[in-house]
Amino acid sequence: MTDPQQVLADRVRDALGAAFGDDYADSDPVIRPSQFADYQSNAALPLAKKLKKRPRDVADEIVARLDLAGIADAPEVSGPGFINLTLSDGWIADQATAVGDDPRLGVPAASDPETVVIEYSSPNIAKEMHVGHLRTTIVGDALARIFEFAGHNVIRDNHVGDWGTPYGMLIEHLIDVGEDSPDARLLRTDPNTFYAAARRKFDSDPGFADRARGRIVKLQAGTDPETRRLWEELVGLSKAYLRDIYGLLRVTLTDDDIRGESFYNHMLADVASELTDKGIAVVSDGALCAFPPGFPGRDGNPLPVIIRKSDGGWNYSSTDLATVKYRVDKMNPGRVLYVVGSEQALHFKMIFATAKLAGWLADGSRFEHAQIGMVQGKDGGRLKTREGDTPKLSALLSESVERARAILDEVEGLDAEAKDAIAEDVGIGALKYADLSTARDSTYTFDFDRMITFKGDTGPYLQYATARIRSIFRRAGIDETTVTGPIVVTEKAERDLALKLLSFGAAISGVIETSEPHRLCGYVFELASLFTTFYEHCPVLKADDETRRSRLALCAATLRVVTGALGLLGVPIPERMLAPVPVPSDSPVSNDSNWPTLPAGCTVVVSAVR
RNA sequence: GCGCCAGUAGCUCAGUCGGAUAGAGCAGCUGCCUUCUAAGCAGCGGGCCGCGGGUUCGAAUCCUGCCUGGCGCGCCA
């Protein structure tokens, strides 16, 4: 156990028990980071009322029983009853040494490992992905990696949309234009244009719309081999596209993780009859519906979960219900995370409520909607597509890499090939970190300039920090993987850095509790910032032998934690980066001019995030 | 109309079941490259935490009313 907050909490809890009896031995020691010490305990203030004593007296009694031998200096009571806790330099140094030498970097493996199903990415594969899919893909992938590292059995689940009305449109349109027509070839070169044409017809031609809906019913019924053949053709193309995008993004999803809506088709009839038999589903306006209590609609009447449409077709509620049942029956999950857009919050609440009525949700299993916030335009409004000018995700990725490459042009000392490789890591890393570092459920303003800047709290800053550490070892001719402690702390910068190394595990468990990867981003940015401060103030290679050894060990431990954290976030890490040559301030050339940008007024659709 | 979420520095955002003087990054201003990578570091300026009530030793945080914005509300996902 290296997390200072935990270690101190245990000690203070012991003191509480010793001072006030067993009733208080498990009360919250309220350890928090402090601006006046390393940590502080705020336990005395709320306890004072219960004990009918003055807060300062309570604090004094806690301090009197508080055994911090070997861990911290003498605690001090200050203010109305805060207990300031300052860790000893020796303890910090020893613990930091242990973190650096530990293959798990001080992160304990879960004591209660469980199966965690993580549904993420889940694009509608009738069309190409867009920026809205980027967030759920990247956040979900980071969660999958982090849960796995924490010792859980992660099942990645890419719940792609391959079974809904859009496929009816595509198949019908494909039949209209002819499989060997030039239009059909668009499916390989420019699928969005093909989709847009089908969509236009669907919206403007009621006859076509009816045929498309009829086509999807035919597909779902499974009675028409020709429909099935065309569908498989289309899905095959989509899967190839997904492989390319996931590869570019360095996302861990594979074909094996795809369990799209079609996967549950064979269960839908049984789900419908089971819900009917249990009296949960009834026919209303021709559709089979469940009405879980607590969800009034516009008119005050209960809102339906439509299980089967009046035309006999199935929809997303049908498949989502079947999916719940399938996961419970086949996977026995302790937890299921739906990394899906927040606009579907009501839908999932109603699905979970219906599943609960059906008795499918075991008491222990937690089904959670890990909401992903909307993507907005700079004007604050919801982004709508204007026909044709939706920037493709692939274009977004290449622009990010191009921007990184443009900055690397300013760098001396690397050949073009090396720059190309680094630009890919930097461009993709910048994009991913930008999506990961803000709270996943906050509304997000799409702004390329901010997303692909390389200053401050960004992916490239963190990558750069690792490159600088590696550079030290390269200069010294030392293999950093062989460096071990002991670490000794003398300077403040060393102490601050070593102390931060100890809470990697706390950052991880914070992500596990909340399914919010941005907490890990915050931690690793703080760690990297403390490293650069140390780097500026504490020479490593020129220090005397003993200090040099300690500082090399501190560098190695930091490198392991930062690269470990970035790995868990899915941010790629180049081995080397060099700084751009500074441009004199009187030069007419600016470092950030002449970059390619999206066409002005370009808008994107995010309505179908799933 | 009802429901959910949000409103924190000029901009983009953090803020760990209520805790001391509200934090970062960007942008602005000052310094720092014959010394391990300046995509960096050190520093400065910048806030009635949407508004009004309430709860209490203590509120950005909890409750309540209002204002503003986003999203959702029967056969799309």
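Note that the coordinates shown come from a computational prediction; the quantities given were computed from them, not determined experimentally. Side chains included, hydrogens not; waters and symmetry mates left out as well; all remaining heavy atoms used.
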Open item on the list: Nearest to the A/C289 side chain among B/C71, B/A20, B/G74, which nucleotide is it?
Closed with: B/G74

Open item on the list: Under 4.0 Å from OP1 or OP2 of B/A27: is there any side-chain N or O of A/K455 that close?
Closed with: yes

Can you list, pair by pair, the side-chain donor-acceptor contacts under 3.5 Å of residues 300-310 of chain A, counting residues two or more places apart and other chains?
| unit_1 | atom_1 | unit_2 | atom_2 | d |
| --- | --- | --- | --- | --- |
| A/N301 | ND2 | A/D299 | OD2 | 3.3 |

Task: Under 4.0 angstrom between A/Y461 side-chain N/O and B/C41 OP1 or OP2 - done: yes

Task: With A/Y264 via ring pair (Phe, Tyr, Trp, His ring centres under 6.0 Å) - residues at least two apart - done: A/H159, A/Y326

Task: Ring centroid separation A/Y461 to A/F525 under 6.0 Å - done: yes

- [ ] State which residues pass side chain to side chain donor-acceptor pair (under 3.5 Å) with A/K455; sequence neighbours excluded, sorted by chain then number.
- [x] none

Nucleotides 55-60 of chain B: which of its N/O atoms have a protein N/O under 3.5 Å away?
| unit_1 | atom_1 | unit_2 | atom_2 | d |
| --- | --- | --- | --- | --- |
| B/U56 | O3' | A/K49 | NZ | 3.3 |
| B/C57 | OP1 | A/K49 | NZ | 2.6 |

- [ ] With sequence neighbours left out, write down each residue that passes ring pair (Phe, Tyr, Trp, His ring centres under 6.0 Å) with A/F352, or none if nothing qualifies.
- [x] A/Y338, A/F348, A/F367

Task: Pairs meeting criterion salt bridge (charged side-chain N to carboxylate O under 4.0 Å, His left out) with involvement of residues 29-44 of chain A, two or more places apart - done: A/D38-A/R495

Open item on the list: Taking only side-chain N and O atoms of A/S342, does any of them lie within less than 4.0 angstrom of OP1 or OP2 on B/C5?
Closed with: no

- [ ] For A/Y535, enumerate each residue passing the ring pair (Phe, Tyr, Trp, His ring centres under 6.0 Å) test, keeping only those at least two apart in sequence or located in another chain.
- [x] A/F531

TODO: Please collect all side chain to side chain donor-acceptor pair (under 3.5 Å) contacts where either partner lies in residues 511-525 of chain A, sequence neighbours excluded, each pair once.
DONE: A/R440-A/S515, A/T514-A/R519, A/E516-A/R519

Task: Among B/A20, B/C75, B/A42, the one nearest A/T533 by side-chain distance - done: B/A42

Provide a list of protein-nucleic acid N or O atom pairs under 3.5 angstrom, restricted to nucleotides 11-16 of chain B.
| unit_1 | atom_1 | unit_2 | atom_2 | d |
| --- | --- | --- | --- | --- |
| B/U12 | O2' | A/R450 | NE | 3.3 |
| B/U12 | O2' | A/R450 | NH1 | 3.1 |
| B/C13 | OP1 | A/T443 | O | 3.4 |
| B/A14 | OP1 | A/A439 | N | 3.1 |
| B/A14 | OP1 | A/S442 | OG | 3.4 |
| B/G15 | OP1 | A/H518 | NE2 | 3.3 |

Can I get a per-line list of side-chain donor-acceptor pairs under 3.5 Å for residues 503-512 of chain A, giving both atom names and the distance, sequence neighbours left out?
| unit_1 | atom_1 | unit_2 | atom_2 | d |
| --- | --- | --- | --- | --- |
| A/S503 | OG | A/K500 | O | 3.3 |
| A/S509 | OG | A/G505 | O | 3.2 |
| A/S509 | OG | A/A506 | O | 3.1 |

Open item on the list: Let me check I have this right: for RNA chain B, each base becomes ., (, ), [, ] or |, based on Watson-Crick or G-U pairs with both distances under 3.5 Å. What is the full string?
Closed with: (((((((..((((.....[...)))).(((((.......))))).....(((((..]....))))))))))))....

Open item on the list: Over all strands shown, is A/L303 touching base, sugar-phosphate only, or nothing at heavy-atom distances under 4.0 angstrom?
Closed with: sugar-phosphate

Task: Residues in ring pair (Phe, Tyr, Trp, His ring centres under 6.0 Å) contact with A/W163, at least two apart in sequence or another chain - done: A/W231

